[in-house]
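Below is one structure; the comments refer to it alone.
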Amino acid sequence: MTACLLASAQVYADEGHRHYFPGHHGADDFAGADIARGVVYLDKNGNGVRDRHEPGIKGVSVSNGLDVVRTNRRGEYSISLPEENILFIRKPAQFDVPLDENNLPQFYYIHYPEGTPAVAEWKYEVIDPTGPLPERIDFALLPSKATHHAAASGKFRAMGFADPQAKTQEEQDEVREDVVNELVGNPHDALFGITAGDVVYDTLSLYDRHNKMFSQIGIPIWNVPGNHDINFPSPNDKYATQTYSKHFGPAYYSYDYGDVHFVALDNMEYAGAGNRFDLSGYRGYVTEDQLTWLANDLKYVDKDKLIVIVTHIPLVTNALDGRGERYNLGSNINTANLPELLQVLMPFEKIYAIAGHDTSNSWKVEVNHTHGWYGSPWISHTLAEVRGNGWNKGPRNDETEVRSATMQDGNPNGYYVMHFDGTKVTPKFIPAGKKGNLDETMRIVLDPWLEGTTDLDGNIVAINRGRLVPGTRVVVNLFDGGERDTVKLSLDNGEYIEMQNVVRNDPFMVRQHAKYQGTPDAFSSPQPSSHIWEYELPYDLQPGLHKVEVRSKDEFGQQAQQAFTFEILSE
């Protein structure tokens with residue numbers, strides 16, 4: 001029986017030392033488990049069947065979600081596989097895995113002989129019975145010129161999506177119109193895409209349509225589950241992702257491209273129907289099973305590789321609660337057991353993490369000694385979201401009827417093109433609905449508005465034309481920026497000076513919120529942004545036309561420039 005695919009490795013059955021923890025599975029689950037056997041082979045003709053002269057591939061990692069073994073020189077493996085488990089391989093850097101009709105990677109075998117148990121009244125389709133364990137479960141790998149070139153050169157691109165999160169058929173229309181349409185045919189020449197959770201918004205019956213739409217991009221899409229991808233009737237975390245797994249396979253796994261080892265983790269721990277972690281039914285937490293699996297997985301990864309961690313809930317953010325205080329690691333905004341994860345990652349120097357979940361803000365937090373990490377600092381990047389503030393937020397575009405969905409920090413909704421060069425990553429944010437316009441990188445406004453911009457009834461009668469108000473600032477929102485970026489301003493062709501990075505509400509979003517409050521087009525309340533820069537205009541600025549030029553350079557070396565003009569009237 002041929003199932004799915006895998007990556008590069010070394011010996012036949014290196015069981016290593018098992019460490020069992022309470023959680024998804026444990027020692028008792030594995031003690032009487034069946035033994036899965038098979039081969040990982042090169043499917044030269046891509047027919048999904050191992051034909052003569054199609055060799056087995058040595059050194060591919062195979063896992064039951066806890067243990068990791070490697071194929072021998074004939075491509076053979078043997079590993080225990082309890083019932084209600086998923087067997088999967090790690091895609092090697094030099095090969096591809098088969099894809100289904102929706103371009104979803106097929107690298108796993110679901111072993112649920114009786115299907116998902118009736119421990120709840122399931123609202124959506126769950127895993128069907130798979131029957132007894134087959135005598136053989138073979139995994140095919142495919143030759144690929146593009147993937148092989150990436151492995152040889154270390155250079156490739158990937159698409160990054162956080163929280164597409166449509167709840168209704170109409171919201172799926174907006175996903176298609178705002179994001180998918182401009183990506184059909186893979187205009188950014190990406191090898192694959194990553195979706196960092198909340199594939200849909202609670203309505204799990206939308207998975208099929210979502211997958212069909214994203215398949216039009218023309219690349220494999222690797223997914224992780226989010227808090228809106230769970231089966232809420234589940235009594236516990238163990239069965240919380242049954243519908244997700246029916247469509248996408250294991251909730252955590254790894255794969256390789258170029259010089260990068262990608263690790264997908266399910267850090268959305270569900271307390272179960274009727275239960276609570278703090279004020280919600282879930283928390284950010286990497287289960288002990290996953291930590292054990294990850295330690296076993298990383299044993300077979302070169303220490304000079306870049307490790308990219310993909311989760312839904314951020315590992316760590318500087319997000320603020322309603323009182324203006326930072327959320328702690330015990331909340332559902334950050335990962336509660338980050339120190340334990342860092343311990344597993346300790347042997348590696350080059351790390352980068354991406355996540356979604358925070359609908360209010362994008363963040364780039366440097367993980368360093370303040371978090372208990374004493375290696376080279378690295379970035380925990382909370383991506384700006386595909387759905388922004390939500391597909392039902394903001395006014396509709398006159399041309400497409402898609403709502404603006406601007407995030408609460410003033411960042412447009414959008415997606416990423418991630419450039420990899422060896423172990424260096426450069427994430428480029430692209431606002432959605434702009435036909436891939438890479439030049440839209442910032443917004444420049446005055447705060448407060450010039451006096452005379454509005455009449456006594458609050459109606460706009462002038463645009464950036466009026467009398468200067470004391471304390472007026474040029475405010476720049478550098479989209480998806482961060483505190484280590486540099487933003488400089490030149491006023492009327494003068495010398496460039498550094499602007500001040502502040503955490504504050506974007507005045508643009510304050511005005512948008514006030515404008516649409518109480519209407520069907522209302523936004524959620526503005527939230528402090530981590531990527532705002534200010535410059536206070538001189539109060540003795542003379543009447544007339546003035547020009548502001550802004551230059552930015554982010555911590556990844558990307559540069560941008562934009563101009564802005566305004567007119568000051570005499571008294």
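Side-chain atoms are counted along with the backbone in the values below, which use heavy atoms only and exclude waters and symmetry mates.
- Atom NE2 of His149 has 12 or fewer heavy atoms from other residues, nucleotides or ligands within 6.0 Å.
- When Asn267, Thr382, Thr317 are each tested for a side chain to side chain donor-acceptor pair (under 3.5 Å) with Asn334, only one passes: Thr317.
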Exercise. Could you walk me through whether His312 and Asp198 pass side-chain hydrogen bond (donor to acceptor under 3.5 Å, both in side chains), step by step?
Key: CA-CA 7 Å; His312 175 62; Asp198 282 359; 3.2 Å; yes
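- Listed here is the closest heavy atom pair of Asn236 and Tyr270: O-CD2, 3.9 Å.
- Using modelled atom types, one finds a donor on one side chain and an acceptor on the other under 3.5 Å when comparing Arg209 with Gln169.
- Under a cutoff of 6.0 Å and an axis angle of 45°, Lys91 and Tyr257 form a cation-pi pair.
- Counted by atom type alone, His261 and Asp297 present one or more donor-acceptor pairs between their side chains at under 3.5 Å.
- With rounding to the nearest 0.5 Å, the separation of CG in Asp229 from CG in Asn231 is 9.5 Å.
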Quiz item: Should Arg283 and Glu269 be marked as a salt bridge (Lys or Arg N to Asp or Glu O under 4.0 Å) after you check the CA-CA gap, both sets of side-chain angles, and the distance that decides it?
Solution: CA-CA 5 Å; Arg283 63 173 177 169; Glu269 187 184 33; 2.6 Å; yes
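- Take Asp266 and apply the side chain to side chain donor-acceptor pair (under 3.5 Å) test, not counting sequence neighbours, and it matches no residue.
- With sequence neighbours excluded, the residues satisfying side chain to side chain donor-acceptor pair (under 3.5 Å) with His381 are Tyr352, Asp480.
- For the residue pair Tyr207 and Glu125, no side-chain donor N or O sits within less than 3.5 Å of a side-chain acceptor on the partner.
- Screening Asn275, Thr287, Ile230 for a side chain to side chain contact (heavy atoms under 4.5 Å, CB included) with Asp237, the sole residue that qualifies is Thr287.
- A distance-only check finds a donor-acceptor pair linking the side chain of Tyr252 to the backbone of Gly65 [under 3.5 Å].
- In terms of modelled atom types and a separation under 3.5 Å, the side chain of His357 and the main chain of Asn332 share a donor-acceptor contact.
- Between Arg387 and Asp178 no salt bridge is recorded (no basic side-chain N to carboxylate O distance below 4.0 Å).
- Aromatic pair Tyr108/Tyr253: centroids not less than 6.0 angstrom apart.
- Evaluation of the ring pair (Phe, Tyr, Trp, His ring centres under 6.0 Å) rule for Phe262 yields Phe192, Tyr255, Phe420 as partners, not counting sequence neighbours.
- One N or O on the side chain of Trp122 and one on the backbone of Pro117 form a donor-acceptor pair closer than 3.5 Å.
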